[in-house]
Amino acid sequence: MTLLSLLLAAGVCSLSAREQWTVEQAWQWQERVGVIKGFNEPYPAYPGMSRADVLKKARETGLNSVRFWVRGETAEEQIAHIRQMIDEADRYGMTVSPVLNYVKERFARNRGDQPMKDYERTIRRVVRAFADEERIVFWDLWNEPRYEDNAVTYEQMDIIEQMVQWCRKENLSQPITSSIIWATIKEDSKPLKRMAEVEGMMDIHNFHYYNCALDFGKHVYDMMDFLQRISPRPMVATECLTRTNGSGIARTFDAFSKYKVNFYIWGLYVNDRNWEARWERSTYDPYDPMFHNILYSDGDAYDAREIEMIRNYRFAENGEALYPSLEVTDRWSHERAWRWMVTGPLKGFVAMDGSVQPEADGYNAVKVRLSYDAWQADTASFFQNLDALLAEAEAQGLAVMPLLLTDDDFEAPHPSLAEYVGSVVGRYYCDTRVKAWELYHHPGEQVTDTEALSRLVSLVFRHARNQYANQPLTMTPYVQVQPFEPDFDYWGAMVHGRTAGWDRLAYGGGSTAELCYRIWSLSDVVSFSSVQATPEAGWLASICYRFGRPVFCTGWTAPGDADVEALLERFATSHVFWFSEGNALAADQLSAFRFRQTSTQRQVVEGFL
């Protein structure tokens, strides 16, 4: 071994240090590695699951990189850990991004007397071992340094600045970065100015963001704009995904794709790290939606739509929108909608006079009409009254379905209507006394401008969804069924292979089949209303059943007493959650109502397998 080799191995000297990458070099790196779609920390779903099994599953979901905290007390232990992770990830075509946690771990232990020579010797020895390793896509020097205006923040920034110099001295072929930017951007703050100076030394930008819903995404765009003003370099979000904060996969990817951001979501499997409950909450209690992670413990997807989004994620071209608006992307999954309704059938009434006092024992829900005009005239009194109404309903044992808009409100400024909906839903987003939100009842019943109605429907859903409510959102389209002829075989018309369903639906005013379908396709639970006899009402319920979601009848009136029992039986069979509007129900009818179990018998046809 030559003297130079011995000196290099001992860490006494190195080849000439490289400079910070130019912007051009940074984008050449991006072109070389392609879009990074990663996850953090490969924890197993159960103790017997190997890390290789976790990485294999990650690759199957469309992920191609893993970010991990480097373990080990010595440089040799850290090198061994990194090498093992590289080899295991490489078996499944995945890269790695190590987080050098050595200095941060020891920082708190050595307040006022940081052993910088030891830090430098260890860090340089670790990165030197992998200076030309192509399977490492970048080095993360320090995860989330402090953000306050105090001595600790500035001390950490000074150390990170030195760490950058140490790594440059080893002439690394990979980009050097650190997850410095991870909280709200306040550009006039003293600590952020110092953090921006250190961020400006990095080869690529690395940030964390968990609140894509804030102000319709404005805050995440502010953060990315801030980083690009420091230097127009490739960006990597090394931590993301918090569904309860409105930062699910769809909304996060929508923002990231526009800025060509690589990503690492937090967590893969539900596991003993309990990441599926939000910060400071325990999984000892039930949780929904899931906070981090994309897979249940058995490997099934929490939401299959997310897996497709991961597999298909790419950078958008300039001006290209890869994702529809959030009224589409943030619609609840079928599974979540059904989980919400597991408490059983709703047997509700419509409070025509605003009273939540049921006329008979056995009701468990009430639908109440709220007033946009009252909200606009005196918002504080509006909410005081709604608080009182919810308290009274709770005392009566009733869940509440608030109705927010009808065509009577259409002439008001539509942005104001949307603001009203957003403010009400946002205030009670986690109030379990609210069973669901009926955002709009019968769009088009009086209004004939279908295009304007369609725009308003989208706007209202968008503002309601931006509150990431814990209750499902729905609208009830203005649609009925053409009255059946006395001898019409409505059951036979829908037998397998025959064409029937939408052809019998009738609309009025500005309502159309397209508007009706759009409303049902945006709703978390699918709603209809009926003032018809059981055959026609059941026909409409069967169309709603096709959407695979809980079905609500937000207001029904049977034409005669004989239809009441038949309609209740149809609702029981089709699992319809309902609110009666024009019929007085007896206590025994209410107590007897329950859903019938659905079971489909098999059929063996001779000649077919």
Side-chain angles (χ1 to χ4, degrees), residues 215-216 325-327 348-356 365-393 399-431 433-478 508-511 515 518-519 522-525 527 529 552 554-555 579 581:
D215 200 8
F216 289 89
S325 299
L326 65 90
E327 64 265 25
F349 64 97
V350 178
M352 303 297 293
D353 58 357
S355 170
V356 296
V366 60
K367 174 181 153 181
V368 294
R369 170 78 161 97
L370 306 184
S371 170
Y372 162 76
D373 290 337
W375 172 84
Q376 188 182 47
D378 189 338
T379 302
S381 294
F382 173 91
F383 284 126
Q384 289 173 0
N385 293 334
L386 184 49
D387 288 340
L389 185 148
L390 290 171
E392 174 62 20
V400 178
M401 184 179 196
L403 163 61
L404 296 175
L405 295 173
T406 69
D407 276 359
D408 291 339
D409 303 301
F410 183 84
E411 295 303 324
H414 290 184
S416 182
L417 293 177
E419 180 186 358
Y420 154 67
V421 169
S423 72
V424 178
V425 173
R427 182 181 176 96
Y428 299 97
Y429 83 99
C430 201
D431 194 323
R433 296 174 298 181
V434 175
K435 193 63 179 180
W437 297 98
E438 187 180 15
L439 304 179
Y440 200 140
H441 188 78
H442 286 182
E445 184 173 11
Q446 303 171 36
V447 177
T448 58
D449 189 340
T450 304
E451 290 187 8
L453 281 168
S454 184
R455 291 193 297 270
L456 179 58
V457 163
S458 295
L459 184 65
V460 168
F461 265 114
R462 190 177 311 141
H463 278 253
R465 289 233 188 276
N466 200 55
Q467 304 303 322
Y468 35 102
N470 277 225
Q471 314 96 345
L473 309 177
T474 190
M475 289 186 185
T476 305
Y478 185 49
S511 183
L515 183 61
R518 178 164 182 76
I519 288 170
L522 291 176
S523 296
D524 300 319
V525 297
S527 298
S529 65
F552 278 47
T554 56
F579 294 85
E581 190 166 9

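At a threshold of 4.5 Å between non-hydrogen side-chain atoms, the residues Tyr428 and Leu390 count as touching. Residues Leu386 and Arg427 are not in side-chain contact: their nearest non-hydrogen atoms beyond the backbone lie 4.5 Å or more apart. Here the side chains of Leu515 and Pro477 are not in contact, with every heavy-atom distance at 4.5 Å or above. Residues Pro443 and Ile519 meet the side-chain proximity criterion, which asks for heavy atoms closer than 4.5 Å.
Proximity of a side-chain donor or acceptor of Asp409 to a complementary backbone N or O of Thr406 within less than 3.5 Å is detected.
Within the structure, ring pair (Phe, Tyr, Trp, His ring centres under 6.0 Å) pairs that include any residue of residues 447-475 comprise Phe216-His463 (at least two apart or interchain). Each salt bridge (charged side-chain N to carboxylate O under 4.0 Å, His left out) pair with one or both residues in residues 456-474, not counting sequence neighbours, appears once here: Glu327-Arg462, Arg465-Asp524. Pairs passing the salt bridge (charged side-chain N to carboxylate O under 4.0 Å, His left out) check and including a residue from residues 415-424, sequence neighbours excluded, do not occur. Counting only residues at least two apart or on different chains, the side-chain hydrogen bond (donor to acceptor under 3.5 Å, both in side chains) pairs with a member in residues 447-461 are Ser458-Arg518.
A search for side chain to side chain donor-acceptor pair (under 3.5 Å) contacts involving Asp431 returns Arg433, not counting sequence neighbours. With sequence neighbours left out, Lys367 forms a salt bridge (charged side-chain N to carboxylate O under 4.0 Å, His left out) with Glu438. In this structure Asp408 satisfies the side chain to side chain donor-acceptor pair (under 3.5 Å) test together with Gln446, sequence neighbours excluded. Shown here are the salt bridge (charged side-chain N to carboxylate O under 4.0 Å, His left out) partners of Asp407, two or more places apart in sequence or in another chain: there are none. Partners of Phe552 according to the ring pair (Phe, Tyr, Trp, His ring centres under 6.0 Å) rule, which considers only residues two or more places apart in sequence or in another chain, are Phe577. Not counting sequence neighbours, the partners of Ser381 by the side chain to side chain donor-acceptor pair (under 3.5 Å) test are Asp378. With sequence neighbours excluded, the residues forming a side-chain contact (heavy atoms from CB on, under 4.5 Å) with Pro413 are Tyr372, Pro415, Ser416, listed by chain and number. For Glu445, the side chain to side chain donor-acceptor pair (under 3.5 Å) partners at least two apart in sequence or on another chain are His442.
Separation of atoms CG (Leu439) and CG (Leu417) is listed at 12.0 Å; rounding is to 0.5 Å. With rounding to the nearest 0.5 Å, the separation of CD in Gln384 from OG1 in Thr379 is 11.0 Å. Trp437 CH2 to Leu473 CG: the interatomic distance, rounded to the nearest 0.5 Å, is 9.0 Å. Distance CD/Gln376 to OG/Ser371: 9.5 Å, rounded to 0.5 Å. Rounding to the nearest 0.5 Å gives a distance of 8.5 Å between CG of Leu453 and OG of Ser511. From Thr554, atom OG1 reaches atom CG of Leu403 across 8.0 Å, with rounding to the nearest 0.5 Å.
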- Residues Thr474, Ser527; criterion side-chain hydrogen bond (donor to acceptor under 3.5 Å, both in side chains); working and verdict: CA-CA 7 Å; Thr474 190; Ser527 298; 2.8 Å; yes
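The two atoms that bring Val425 and Ala464 nearest to each other are CG1-O, 4.0 Å, heavy atoms only. Taking all atoms of both residues into account, the shortest heavy-atom contact from Phe383 to Ser423 is CZ-O, 4.0 Å. The minimum heavy-atom distance between Phe410 and Ala452, with the atom names listed, is CZ-CB, 3.7 Å. Between Glu581 and Gly555, the shortest heavy-atom distance links the atoms OE1-CA, 3.7 Å. Between Ala351 and Val366, the closest heavy-atom pair is CB-CG2, 3.8 Å.
Inspection of the Ser529 and Thr476 side chains reveals no N or O donor paired with an N or O acceptor under 3.5 Å. Checked by atom type, the side-chain pair Asp373/Tyr420 shows no donor-acceptor distance below 3.5 Å.
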